[in-house]
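Here the structure comes first, spelled out in structure tokens, and everything after it is commentary.
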Amino acid sequence: MLGTIAGNVIHEALELLLRELHKGRCASIRDPAAVAVLRALGGYSSIVERQVERDLAKLEGNPRAAPLLSSLRRNLLNRIPELRQKVQALLARAAWTGPIGEGPVLSGGQPRPLGMGSHTEVELVARDLRFCGRVDLITVDEDACVITDFKTGAPDSKHADQVRAYAVLWHRDGDRNPGGLGASRLVIVFSDHDVTFDGPSSSELDEIADDLAARIADAEAGLEERPPPARPAADVCRFCDVRQLCDEYWNTPDDVASPPASSGRPTATDIEGVIASRNGPRSWNLLDSRTEETVLLRTPTEAAPFSAGDRVRILHALQTASEDEDGSILSMTVASETFVLREI
Ligand code: SF4
């Protein structure tokens with residue numbers, strides 16, 4: 001959760017800065033007028049800090065997040081210098097044409113053709129595909145268009161597919177791009193490097209659109225099925241609010257619920273098993289249903305939310321390798337949730 005919020009904070013701070021620099025008619029962050037814009041916003045640290053508070057405020061009504069809020073706030077505030085540095089680095093790499101007169105094309109605004117220059121946060125819609133997306137930065141000149149996407153995390157092979165999908169959206173959005181101008185260049189900006197591709201040719205645009213159409217049709221067919229099929233996947237299920245109820249998730253044979261521990265650091269994991277016996281005041285032996293091995297489960301207090309013999313599903317326990325490297329230890333924290341399964 002911490003990494004996700006940190007990524008959002010960087011992205012949203014960057015969006016705000018791009019928008020305000022546009023409004024201030026700055027051609028780049030090196031424009032002399034940018035100093036006044038930054039000063040009016042209170043400076044980088046203050047922008048990032050306000051964004052942290054905004055993101056945490058969104059979690060206040062969430063019963064799962066409530067016990068974590070103070071430690072999240074502490075962690076994020078400790079990371080302000082690092083977050084600020086990433087925002088500065090991404091902004092320094094952002095190339096835009098400006099100043100421009102018409103300002104950003106914000107989500108919810110009236111769709112209108114994009115004029116010459118750079119536009120931030122542009123919502124694009126391909127009506128024929130019933131597909132939409134929001135692009136960080138689009139720069140249009142007389143016969144070319146550059147689509148830029150900012151990334152706050154590590155490079156991933158899916159990033160290229162994402163910007164290619166944006167190229168299709170741009171090409172097919174008759175409101176923003178009535179002339180059907182193609183994207184000449186696609187740029188993915190990381191804090192320390194850029195990755196640039198040529199825009200797709202018209203036959204490539206058709207291929208990408210066909211692939212998107214097929215995936216949309218598959219998704220729609222899946223939505224029609226009753227009950228809808230569960231399709232466990234690690235990068236989706238860990239954010240799922242109902243995974244404690246999803247048998248497919250718990251029965252999946254791979255590492256969807258229990259990602260392998262990396263570099264000796266504790267890894268958040270979900271586990272189903274039977275509490276075999278008490279080991280100590282705050283430790284229990286748990287028979288892991290998936291591996292059929294016994295692991296040591298530590299609880300934060302002596303009042304455990306289960307008893308010996310219970311079958312439990314535990315969300316968000318921290319897994320570490322045991323010192324003898326023969327098995328692992330699970331530690332429940334304030335963020336862990338326990339569900340005791342009952343026969344019905
Ligand atoms: S846990 Fe189950 S319901 Fe939730 S996203 Fe995964 S497969 Fe879908």
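Note that ligands are numbered from 1 as they come in the structure, with each ligand's atoms numbered from 1 the same way. The shown structure was predicted, so the numbers you read here are calculated from the model rather than taken from an experiment.
With respect to D192 and K86, no salt bridge is recorded, no charged nitrogen being found less than 4.0 Å from a carboxylate O. Between R290 and E272 there is no salt bridge, since no side-chain N of the basic residue sits under 4.0 Å from a carboxylate O of the acidic one.
Put simply, the residue from L114, L186, I138 that forms a side chain to side chain contact (heavy atoms under 4.5 Å, CB included) with C145 is I138.
Closest heavy-atom contact between L90 and V189: CD2-O, 3.5 Å.
Evaluation of the side-chain hydrogen bond (donor to acceptor under 3.5 Å, both in side chains) rule for K151 yields D149, Q162 as partners, not counting sequence neighbours.
Within the protein, the N, O or S atoms sitting under 2.8 Å from atom 6 (Fe) of ligand 1 are C237 SG.
Residues V37 and D31 are not in side-chain contact: their nearest non-hydrogen atoms beyond the backbone lie 4.5 Å or more apart.
Atom 8 (Fe) of ligand 1 is not flagged as protein-proximal [any protein heavy atom, distance under 4.0 Å].
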